[in-house]
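When reading the values below, keep in mind they use all heavy atoms of this one structure, side chains included, and skip hydrogens, waters and symmetry mates.
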Amino acid sequence: MTAKKLLLLTTGGTIASETSSTGLKPQEKGASLIKQLGPVPYKIDVEDILELDSSNIQPEEWQLMAKKVFCYRTKYDGIVISHGTDTMAYTSSILSFMLQNIDIPVVLTGSQVPINEVLTDAIDNLRLAFAAAANCPPAIYLAFNRKIMLGSRAVKVRTTNFDAFESVKVPPIANVTSDGIVYTGWKPVSPTKPCRLQDQLETHVALVKLFPGFDPQLLYAMVDNGCRGIVIEAYGLGGMNFIRRNLVAVIGDLIHRGIPVIATSQCLYERSDLTRYEVGRLALLEGAISSHDMTAESAITKLMWGLGQGLDVDGITKLFNENLVGEVTLTPGDAVKL
Ligand code: ASP
């Protein structure tokens with residue numbers, strides 16, 4: 001059997017960092033990461049495309065990564081992207097939307113400890129990512145600490161522990177045990193058409209975490225300064241205040257002005273359901289769009305992507321009631337429950 005041909009695109013992050021006088025910063029090249037991997041049964045090419053802490057990774061870098069993956073996908077069996085952990089779940093979410101129907105596995109990974117330190121997790125994570133890129137069905141994944149997660153479902157949940165990522169609303173695609181890659185039965189969405197690069201984004205959006213006392217009038221300040229869509233991290237199943245400070249009424253007004261407002265939950269685990277309580281139902285009646293069980297990372301990037309495709313409030317409402325890449329679990333009637 002011929003060895004699978006894989007590509008490593010490096011972007012920086014802790015995995016490639018070294019100590020400097022200003023703190024840890026990415027400096028290692030991809031060739032050096034590969035050298036430290038030890039023998040693997042794949043033919044690996046490397047391209048260093050960025051050298052950034054992922055706190056500095058923004059939509060322009062997402063577009064670069066998407067273009068590289070799109071161009072290289074016909075030449076390789078799989079692609080690994082090494083990336084800082086801090087914003088990796090945003091990148092894996094947005095790449096999932098920009099590269100729908102991707103026809104090879106694309107796997108993001110990183111590490112909590114730089115590769116050249118004795119107690120590093122980088123080597124295990126990179127080996128896992130290459131194994132996933134060589135074996136998993138086509139999709140965008142985030143692989144970390146012996147878990148292979150769908151890119152649109154992963155969240156960074158820990159700052160220092162090696163188990164830094166979880167697939168919070170659905171099981172990971174696979175876990176690694178002494179049996180190898182053990183699939184959980186949760187499957188990525190299979191490609192239905194040829195992959196297209198859809199990398200137009202609207203970056204003037206906001207993700208607002210609600211807290212008791214939040215002044216809804218501040219949302220007007222955002223919109224008056226060019227904000228084109230808002231994700232609200234509401235309480236519990238998706239509740240938001242309507243007495244004294246009437247957030248529900250402001251949301252209704254913004255929606256009438258053509259600004260889509262998505263309601264997601266502050267709770268990391270499980271879904272939101274705005275139909276259950278009055279504090280959610282009233283928001284739905286005003287036109288708030290439920291994100292169901294999407295992560296906040298997926299909700300904000302899906303909004304950026306949808307607005308970037310030129311969708312208006314109705315188009316965004318429809319988009320959030322569609323499962324594009326496995327990012328959301330929809331139950332029959334979700335869109336019309338009221
Ligand atoms: N600050 C680093 C980054 O996101 C953290 C890491 O990679 O673990 O680039």
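Between the side chains of Asn116 and Gln36, no donor-acceptor pair of N or O atoms lies under 3.5 Å. Side chains of Ser272 and Ser265: a donor-acceptor N/O pair is absent below 3.5 angstrom, by distance only. With 3.5 Å as the limit, one finds a donor-acceptor pair spanning the side chains of His292 and Asn321. No side-chain donor-acceptor contact under 3.5 Å links Thr11 and His83. Looking at Asp48 and Thr10, their side chains do bring a donor and an acceptor atom within 3.5 Å of each other.
A donor-acceptor pair under 3.5 Å is formed between the side chain of Gln63 and the backbone N or O of Asp199. Remark: side-chain polar atoms of Glu117 are not paired, donor with acceptor, to backbone N or O of Pro114 under 3.5 angstrom. Gln309 places no side-chain N or O within 3.5 Å of a backbone atom of Gly306 that could act as its donor or acceptor partner.
Comment: Glu18 does not engage Lys25 in a salt bridge, judged by the lack of any side-chain N to carboxylate O separation of less than 4.0 angstrom. The existence of a salt bridge linking Asp253 and Arg257 is confirmed by a sub-4.0 Å separation between a basic side-chain nitrogen and an acidic carboxylate oxygen. Of the charged side-chain nitrogens involved, at least one lies within less than 4.0 Å of a carboxylate oxygen, so that Lys147 and Asp163 count as a salt-bridged pair. Classification of Lys68 and Glu47 as a salt-bridged pair holds, one side-chain N sitting under 4.0 Å from a carboxylate O. With respect to Arg153 and Asp293, a salt bridge is recorded, a charged nitrogen being found less than 4.0 Å from a carboxylate O. Note on Arg158 versus Glu166: salt bridge recorded, some NZ/NE/NH1/NH2 to OD/OE distance being below 4.0 Å.
Between the CD1 atom in Ile140 and the CE atom in Met149 there is a gap of 14.5 Å [rounded to 0.5 Å]. In this structure, the separation between CG on Leu319 and CG on Asp314 is 12.5 Å, given to the nearest 0.5 Å. Put simply, NZ on Lys302 and CD on Glu327 are 3.5 Å apart, with the number rounded to the nearest 0.5 Å. In this structure, Lys29 NZ and Lys35 NZ are separated by 14.5 Å, a value rounded to the nearest 0.5 Å. Rounded to the nearest 0.5 angstrom, Phe144 CZ and Ser111 OG are separated by 6.0 Å. Rounding to the nearest 0.5 Å places CG of Asp103 at 12.5 Å from OG of Ser190.
The side chain to side chain contact (heavy atoms under 4.5 Å, CB included) with Ile289 is formed by just one residue from the set Ile251, Val231, Ile316; it is Ile316.
Of all heavy-atom pairs spanning Ala143 and Val107, the tightest one is CB-CG1, 3.5 Å. When all heavy atoms of Pro26 and Gly13 are compared, the closest pair comes out as CG-N, 3.7 Å. Minimum interatomic distance between Ala133 and Pro105 (heavy atoms only, all atoms of both residues): O-CG, 3.2 Å. Taking every heavy atom of both residues into account, Phe162 and Asn145 meet most closely at O-CB, 3.4 Å. Here the closest non-hydrogen pair linking Leu303 and Gly229 is CD2-C, 3.6 Å. Here the shortest heavy-atom pairing between Ser298 and Ser93 reads OG-OG, 3.5 Å.
Figure legend: Lys5 and Tyr76 shown as a cation-pi pair, the cationic atom lying under 6.0 angstrom from the six-membered ring centre and within 45 degrees of its axis. Cation-pi check for Lys169 over Tyr269 is not met; the charged atom does not lie both under 6.0 angstrom from the ring centroid and within 45 degrees of its normal. The side-chain tip of Arg281 does not point at the ring of Tyr277 from less than 6.0 angstrom away and within 45° of straight on.
Note: the hydrophobic cluster containing Met240 also contains Ile255 (ILVMFWY, side chain heavy atoms under 4.5 Å, direct or indirect links). In the hydrophobic clustering of this structure, Val80 groups with Tyr42; members are Ile, Leu, Val, Met, Phe, Trp, Tyr whose side-chain heavy atoms approach within less than 4.5 Å, directly or through other members. Criterion: ILVMFWY side-chain heavy atoms under 4.5 Å apart, direct or through other members. Under it, Ile94 and Val325 are part of a common hydrophobic cluster. There is no path of hydrophobic side-chain contacts, each under 4.5 Å, that joins Leu150 to Trp62. In the hydrophobic clustering of ILVMFWY residues, with side-chain heavy atoms under 4.5 Å counting as a link, Tyr235 and Leu285 come out together.
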message = side chain to side chain contact (heavy atoms under 4.5 Å, CB included), that's the test. Do Val155 and Phe165 meet it? Break it down for me.
response = CA-CA 6 Å; Val155 176; Phe165 287 87; 5.9 Å; no

message = Run the side chain to side chain donor-acceptor pair (under 3.5 Å) test on Asn161 and Gln112 for me, step by step, so that the C-alpha distance in whole Å, both residues' side-chain angles and the decisive distance to 0.1 Å come before the verdict.
response = CA-CA 8 Å; Asn161 193 291; Gln112 294 283 63; over 6 Å; no

ask   = Between Arg196 and Asn101, is a side chain to side chain contact (heavy atoms under 4.5 Å, CB included) present by the stated rule, with each step listed?
value = CA-CA 8 Å; Arg196 281 198 301 137; Asn101 294 300; over 6 Å; no

query = Can you check side chain to side chain contact (heavy atoms under 4.5 Å, CB included) on Leu7 and Ile44, steps first, answer last?
reply = CA-CA 6 Å; Leu7 173 67; Ile44 301 175; over 6 Å; no

request  = Could you check Thr264 against Ser291 for side chain to side chain donor-acceptor pair (under 3.5 Å), going step by step and ending with a plain yes or no?
outcome  = CA-CA 5 Å; Thr264 186; Ser291 72; 3.1 Å; yes

query = Can you check side chain to side chain contact (heavy atoms under 4.5 Å, CB included) on Phe214 and Ile232, steps first, answer last?
reply = CA-CA 12 Å; Phe214 172 70; Ile232 305 265; 5.5 Å; no

ask   = Going through the checks in order, is the salt bridge (charged side-chain N to carboxylate O under 4.0 Å, His left out) test met by Asp86 and Lys156?
value = CA-CA 7 Å; Asp86 291 343; Lys156 184 171 180 183; 2.7 Å; yes

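For the pair Ile49 and Ile81, the minimum side-chain heavy-atom distance is 4.5 Å or more. The shortest distance between side-chain heavy atoms of Leu50 and Asn56 does not fall below 4.5 Å. Side-chain atoms of Pro138 and Ile104, non-hydrogen and from C-beta on, never get closer than 4.5 Å to each other. Using a 4.5 Å cut-off on side-chain heavy atoms (C-beta onward), Ile79 and Leu6 make no contact. When side chains are defined from C-beta on, Asn175 does not count as touching Arg146, because their heavy atoms never get closer than 4.5 Å. Put simply, the side chain of Thr275 reaches to within 4.5 Å of the side chain of Leu284, judged on heavy atoms. The shortest distance between side-chain heavy atoms of Ile230 and Val223 falls below 4.5 Å. Under the 4.5 Å side-chain criterion, counting only non-hydrogen atoms from C-beta, Pro137 is in contact with Tyr183.
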